[in-house]
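Quick note: numbers below take in every heavy atom, side chains included, and nothing from hydrogens, waters or symmetry partners. In this text, all values refer to a predicted model and were calculated from it rather than measured experimentally. Just so we're on the same page: letters track the sequence lines, and every chain starts at 1.
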Amino acid sequence: MPMFGLADVNSFYASCEALFRPDLRGKSIVVLSNNDGCVIARNAGAKALGIKMGVPWFQIKNHSYREKVHVFSSNYALYHSLSQRVMIALEEITPRVEQYSIDEMFLDLTGIDSCEDFEHFGRRLREHVLNTVGLPIGVGIGQTKTLAKSAQWASKEWKQFHGVLALTPDNPKRTTTLLENQPVEEIWGVGRKIGKRLNLMGIKNALQLAQSNPRFVRDNFSVVLERTVRELNGESCIPFEELPSSKQQIICSRSFGERITSKEAMRQALCQYAVRAAEKLRGEHQFCRHIGIFIRTSPHAVNEVYYGNSAGEKLVLPTHDTRDIIEVVMRSLERIWLDGRRYMKAGVALDDFTPNGVTQLSLFDEHKPREKSAQLMNALDGINQSGLGDVWFAGQGVNTAWKMKREMLSPAWTTCWNDIPIARIK
DNA sequence: TCTGGGGTCCTAGGACCC
DNA sequence: TCTGGGGTCCTAGGACCC
């Protein structure tokens, strides 16, 4: 019988910010989204102050608790590197780990119980990560991914579990009690919309959903929710996936630090996103056959008519060449750009991948692939990843006002030599 | 004045085919 | 009065995740 674990770092971004700042132990911390837009992470202290997830920063920055809370811009270089460390620490103890998100890993714990009690294992894991990386994790264990998620949720919700909870078939009463106490919107796979609809039908907790007829759920909702019902009953439908699956789509988009009003600035921004998207594409060892862009003004602005539009092209030849991607992006912008708008956000999306650039060329095909494209892109990526130099495309521009706002950024403690933490002994 | 970014999967509907 | 049916492919949009 399969058994799944879920390890989740507590208040991940906030915990990362505290890791190299011993002076912040026990203080309230929040982390803001890109552009210092809204709150995307809070530690226990910040939650206790009543700071809600997702609130816009400008709404609370003059609040009376402002003095008590330490605020940070998102520092993804730091979070990614610490996420890797957690992953490595988990792999030292668990044979198979699936990285599910930046702060969550599924664990294949099948058969572990032949030598160790599940909860004992979970506690050992927790201590190991705390000792080697310094970050606190919670561990949930169950017969399906959904049950492991529910267990992890409960391990946070009730203090007596101390961050580790196992739902095992030999104690069905425990599972029933947990599900009875879990509101339906807290189940993995049930969001706000479906949660509301379920509530209207009188299905308010996870146990009620688990006891619903799967056929009824499929007909009235979807096969996705039917799967959730089955998973809540211990029937594993979502498999463990150790190898990261290859991407179907790559998106690079940002809100601007300042509104963009000139086409030239928009060209620079899109050019930069195109360069980054192309790098990611090559990192995936893929070629794309579709390139798209979108631009939009702020949907929140009063006294302004909202404008949002997208455009793109299907390619005859798959590409991973930055020059091709920039070309299409610029042509697409010509088709949807409108003067006189204050643009807030734009992005580049690559789609429809194939593992190589070679397709059957017809004898009379006018479209010829670029010569030496792969070598040039290789050289470019090599230089930019070496840390020794920086090569960029003329269209990208330098140091412009629309660039992301990050006024409260912490140092890149783990990824930049200049920022390495220094310990002083008194 | 100020509201994240990056993904996945599924479904419905239209175009087209025989 | 009559106006098939079934299949595929594509796209847009909606739901979800963190």
(message) Categorize A:D103 for me: base, sugar-phosphate, or nothing, with a 4.0 angstrom heavy-atom threshold over every strand shown.
(response) sugar-phosphate

(message) Using a 4.0 Å heavy-atom cut-off, does A:W57 contact any base of the nucleic acid, only the sugar-phosphate backbone, or nothing at all?
(response) nothing

(request) For A:Y100, report the nucleic acid contact type (base, sugar-phosphate, nothing); a contact means any heavy atom under 4.0 Å. (result) sugar-phosphate

(message) Need to verify one output field. Residue with the more 5' nearest nucleotide on DNA chain B, A:R276 or A:M344?
(response) A:M344

(request) Quick one: label A:I194 by what it contacts on the DNA or RNA (base, sugar-phosphate, nothing), any heavy atom closer than 4.0 Å. (result) sugar-phosphate

(message) Students should find this one: the first and last nucleotides of DNA chain B, 5' to 3', lying under 4.0 Å from a heavy atom of chain A. What are they?
(response) B:dC2 to B:dT11

(message) I'd like to know if the side chain of A:E180 reaches the main chain of A:L207, judged simply by a donor and an acceptor atom lying under 3.5 Å from each other, with no hydrogens or angles considered.
(response) no

(message) Classify A:K149 by what it touches in the nucleic acid, base, sugar-phosphate, or nothing, heavy-atom distance under 4.0 Å.
(response) sugar-phosphate

(request) Answer yes or no: are there more than 12 heavy-atom neighbours, outside A:Q160 itself, under 6.0 Å from its atom CD? (result) yes

(message) Once you apply a heavy-atom cut-off of 4.0 Å, does A:K61 come out as touching a base, just sugar-phosphate, or nothing?
(response) nothing

(request) Find the bend of the helix from B:dG5-C:dC18 to B:dC18-C:dG5 as the angle between its two terminal axes (five pairs each), to the nearest 10°. (result) 10°

(message) Within the 3.5 Å criterion, strictly below it, is a donor on A:T319 or A:D321 matched to an acceptor on the partner's side chain?
(response) no

(message) Counting the atoms with a prime plus P, OP1 and OP2 as sugar-phosphate, which does A:L225 contact under 4.0 Å by heavy atoms, base, sugar-phosphate, or nothing?
(response) nothing

(request) Mind telling me whether A:F287 and A:H320 have parallel, tilted or perpendicular rings, with 30° and 60° as the class edges? (result) parallel

(message) Can you confirm if the NZ or CZ of A:R96 lies within 45° of the ring axis of A:F240 and under 6.0 Å from the centre of its six-membered ring?
(response) no

(message) Within this structure, what is the SG-CD distance for the pair A:C288 and A:Q249, rounded to the nearest 0.5 Å?
(response) 11.5 Å

(message) Testing the 3.5 Å rule here: is there a donor-acceptor pair between the side chains of A:T322 and A:R282?
(response) yes

(request) Taking atom P in both C:dC18 and B:dT3, compute the distance separating them and give it to the nearest angstrom. (result) 24 Å

(message) Any base atoms under 4.0 Å from A:R197, or only sugar-phosphate, or nothing? Heavy atoms, all strands.
(response) nothing

(message) Classify A:Q59 by what it touches in the nucleic acid, base, sugar-phosphate, or nothing, heavy-atom distance under 4.0 Å.
(response) nothing

(request) Assign A:V55 to base, sugar-phosphate, or nothing according to its heavy-atom contacts below 4.0 angstrom with the strands shown. (result) nothing

(message) What's A:I102 touching, base or sugar-phosphate or nothing? Going by heavy atoms closer than 4.0 Å.
(response) nothing

(request) For the pair A:R254 (side chain) and A:M404 (backbone), establish whether a donor and an acceptor sit closer than 3.5 Å, ignoring hydrogens and angles. (result) no

(request) Mind checking A:R218 for me? I need base, sugar-phosphate or nothing, with any heavy atom below 4.0 Å counting as a touch. (result) nothing

(message) Please check this pair: side chain of A:R218 against backbone of A:F221, looking for a donor-acceptor N/O pair closer than 3.5 Å.
(response) no

